[in-house]
Q: 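The following block contains the structure, expressed as structure tokens.
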Amino acid sequence: MSKVSLPQGTRDFSADVVRKRNYIFSIIRSVFELYGFQPLETPAMENLETLMGKYGEEGDKLIFKILNNGLDRPEKKEKTKIEFEKILEGKNNPVITERALRYDLTIPFARYVAMNHHQLVMPFKRYQIQPVWRADRPQRGRYREFYQCDADVVGSKSLLNEIELTNIYATVFKQFGVNIEIRINSRKILAALAEVCGGADKLIDITVAIDKLDKIGFEKVKEELQQRGLNEKQITIIEKYLNIEGSNQEKIEQIALLISSSEIGKQGIEEITFLLNHSSIKTLSVVADFTLARGLNYYTGIIFEIKATNVQMGSIGGGGRYDDLTGTFGVPNIPGVGISFGVDRIYDVMEELQLFPKDIYTSTKVLFFNLGEKESKASFELMQQLRDKNISCEIYHEQAKFDKQFKYADKKAIPYIVIIGSKELEEKTCTIKNIVTGEQQTILQKDLLTFSF
RNA sequence: GAGGUUGUAGCUCAGUUGGUUAGAGCGUCAGAUUGUGGCUCUGAAGGCCGGGGGUUCGACUCCCCUCAAUCUCCCCA
């Protein structure tokens, strides 16, 4: 075994994988652009202060912190020792660490908006495709470095944004050829449930628990609710709530009965109804799922989650509306709504369903055989002219037997080979062979430039 | 952060109740085959058996630690 290795939870991507991932990125990017979103990139690192306290207690622990430079300078040593003691007590300390790797794309975006809201045209629509880092324990489909693809609109309360984002999901996955179900719910309905249960302050406890319904079943959810301090009567209401079934329309009617006493609940139902009845949504596979909760606590309105049908896989995308993400950076009253695509999981789904197009694997189109010094000179000149015409070419790196050169083309999936040997050199011709069909023809060298590969 | 499983050739995996030079298939390289590849045949290279320590005359095998992958929980994408 070689001693060199990768840090835990990180990966190298070889050519094939990069091409497939780029295929995913390019489709997502083009759809974002199609809907009028502008690109944004932010630095890999942020001030630790920017990130701390935004992801909950668990999240804070998973932030990768960067050690300050120059801690070993003699004049600083004593201070460093004293301040390091505080780190050991679990307190962050700018003397030791003042920067951290970004944990998601949303908070850096909020930081950007807070810094630039004066010159941004509102509503501001941005998309961002960059890696993020989490000091999580790696598992299958779960890494310490992974990409997120986010699109957010800030500065608008209009539900038109939710409708557009829903259409973005549908458009992207249609292009991928992945069948999906877009599940929606509203945090307002969940809040109403909490109200009706007489435990408005228990909203987070309730959402965290019912979010697991799919995974662990109602009995376990009930246990968790009990542990989180809900009484029998409250749990009975939640049980009724979780048992709601039927078409979107039927579910909405039932939910209305249950939470009609709540003003915020009414609002939530209105919003969901508005979304579902929009002409562009009616043809899509959008399902109202009132058990959908999603972990992130900053959501306040409609929330989304994407499930691939036909494939066993967790959610491959999600998002929702938040009222005041920039508030913590001193700029209140900028509402927003955003969605995210889980690239790694989408990759796994597409791999399983074999949805990657075949033509993304070829890079080189033409291989020129190398059959000697003079011959390869002629080939090289011709090759450069083809390259000028934007056709990707290679020439075999040394004179070798046909066998070897063929195998090289085979392995690299190069579809065409061009042979210029002594015979062709003399006749100013070249032989073109399509390696896939086996067809072969000899033409004049000057005609190669207009040959349609 | 808690618990379980696994780690042998580039890849997938055998293996000996602890006993000399650790095997197979696939892949790689060379030849059969110096102007026509994929098939076939022949041969070769490639391993401190994840790393460190211990027990033993002797450890790939048993014990401890560690690292990594993977699964469940937690949390999430």
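The sequence lines fix the lettering, A, B, ..., with proteins before strands; numbering per chain opens at 1.
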Q: Taking only the C1' atom of each, what is the distance from B/C41 to B/G50 in whole angstrom?
A: 38 Å
Q: Does A/D348 have any side-chain contact (heavy atoms from CB on, under 4.5 Å) partners at least two apart in sequence or in another chain, and if so, which?
A: A/M313
Q: Relative to each other, are the rings of A/F369 and A/F406 parallel, tilted or perpendicular (30° and 60° limits)?
A: perpendicular
Q: Output the rounded distance in Å from CG (A/D344) to P (B/A77).
A: 12 Å
Q: For the P atoms, the ones on B/G4 and on B/G47, what distance do you get once it is rounded to whole angstrom?
A: 35 Å
Q: Of all the choices, B/C73, B/U36, B/A77, which nucleotide is nearest to the side chain of A/T431 once you look at every atom?
A: B/U36
Q: Look at the aromatic rings of A/Y322 and A/Y299 and report parallel, tilted or perpendicular, splitting at 30° and 60°.
A: tilted
Q: Pick the C1' atom in B/G53 and in B/A59, then give their distance to the nearest Å.
A: 13 Å
Q: Find the distance A/D348:CG to B/C76:P and express it as a whole number of Å.
A: 20 Å
Q: How long is the line joining CG of A/D60 and P of B/C76, in whole Å?
A: 12 Å
Q: Would you say the rings of A/Y169 and A/F341 are close, in the sense that their centroids are separated by under 6.0 Å?
A: yes
Q: Kindly say whether, by distance alone, the side chain of A/E424 makes a donor-acceptor pair under 3.5 Å with the base of B/G35?
A: yes
Q: Checking all strands, does A/I417 fall into the base, sugar-phosphate, or nothing category for heavy-atom contacts under 4.0 angstrom?
A: nothing
Q: According to the Watson-Crick and G-U wobble definitions, with both distances under 3.5 Å, which nucleotide is paired to B/G10?
A: B/C26
Q: Can you measure A/F369 atom CZ to B/G37 atom C1' for me and round it to whole angstrom units?
A: 7 Å
Q: Tell me whether the centres of the aromatic rings in A/Y127 and A/F37 are closer together than 6.0 Å.
A: no
Q: For RNA chain B, which residues of residues 317-328 of chain A approach it to below 4.0 angstrom with any heavy atom?
A: none
Q: Can A/K157 and A/D323 be counted as an ion pair, charged N to O under 4.0 angstrom?
A: no
Q: Please verify the inter-ring angle class for A/F176 with A/F173; under 30° counts as parallel, over 60° as perpendicular, anything in between as tilted.
A: perpendicular
Q: If you check the A/F406 side chain, which of B/U28, B/U72, B/U36 turns out closest?
A: B/U36
Q: Checking all strands, does A/S422 fall into the base, sugar-phosphate, or nothing category for heavy-atom contacts under 4.0 angstrom?
A: base
Q: Roughly how far apart, to the nearest Å, are B/A9 and B/A14 at atom P?
A: 12 Å
Q: With rounding to whole Å, what would you report as the distance between B/G58 and B/U16 at their C1' atoms?
A: 14 Å
Q: Take A/E224 and A/I419, find for each the nucleotide of RNA chain B with the closest heavy atom, and name the residue whose nucleotide sits nearer the 5' end.
A: A/I419
Q: Measure the distance from CH2 on A/W133 to P on B/A77 and round it to the nearest whole Å.
A: 16 Å
Q: Within the 4.0 Å heavy-atom criterion, would you say A/K411 contacts the bases, only the backbone, or no part of the nucleic acid?
A: sugar-phosphate
Q: State which of B/G37, B/A69, B/G35 makes the closest approach to the side chain of A/P138.
A: B/A69
Q: Between the side-chain atoms of A/K433 and the base atoms of B/U36, is any donor-acceptor pair under 3.5 Å?
A: yes
Q: With a 3.5 Å cut-off and heavy atoms only, can you find an N or O donor on one side and an acceptor on the other between the side chain of A/Q405 and the base of B/U36?
A: no
Q: State which residues pass ring-ring contact (aromatic ring centres under 6.0 Å, His included) with A/Y147; sequence neighbours excluded, sorted by chain then number.
A: A/F25
Q: For B/A69 and B/U8, measure between their C1' atoms and round to the nearest Å.
A: 15 Å
Q: Is there, by distance only and without an angle test, a donor paired with an acceptor across the side chain of A/D403 and the base of B/G37 below 3.5 Å?
A: no
Q: Write down the distance separating the P atoms in B/A30 and B/U72, rounded off to the nearest Å.
A: 45 Å
Q: Identify the nucleotide, in any strand shown, that forms a Watson-Crick or G-U wobble pair with B/A2, with both distances under 3.5 Å; if there is none, say none.
A: B/U72
Q: Could you tell me how far apart A/I414 (CD1) and B/G38 (P) are, to the nearest whole angstrom?
A: 17 Å
Q: Should the ring pair A/Y347 and A/F356 be called parallel, tilted or perpendicular, given that the plane angle runs from 0 to 90° and is split at 30 and 60?
A: tilted
Q: The side chain of A/Q8 lies closest to which of these nucleotides: B/A77, B/A32, B/A69?
A: B/A69
Q: What is the distance, to the nearest angstrom, from the CD atom on A/Q441 to the C1' atom on B/U36?
A: 16 Å
Q: A/K407 side chain N/O closer than 4.0 Å to the phosphate oxygens (OP1, OP2) of B/U28?
A: no
Q: Quick one: on RNA chain B, does A/L62 or A/F402 contact a more 5' nucleotide (nearest heavy atom)?
A: A/F402
Q: Determine the interatomic distance between C1' on B/G10 and the same-named atom on B/U5; round to the nearest Å.
A: 25 Å
Q: Check whether any side-chain nitrogen or oxygen of A/Q440 sits under 4.0 Å from OP1 or OP2 of B/U36, and answer yes or no.
A: no
Q: Using whole Å, what does the distance between atom P of nucleotide B/C67 and atom CZ of A/R137 come to?
A: 10 Å
Q: Please determine, for the side chain of A/K401, which listed nucleotide (B/U33, B/A77, B/C73) has the closest atom?
A: B/U33
Q: For A/Y147, answer base if it contacts any base atom (sugar-phosphate contacts may also be present), sugar-phosphate if it contacts only those atoms, and nothing otherwise; contact means non-hydrogen atoms under 4.0 Å.
A: nothing
Q: Angle between ring planes, A/F451 versus A/Y416, binned at 30° and 60°: parallel, tilted or perpendicular?
A: perpendicular
Q: So, OP1 or OP2 of B/A30: does either fall under 4.0 Å of a side-chain N or O from A/K404?
A: yes
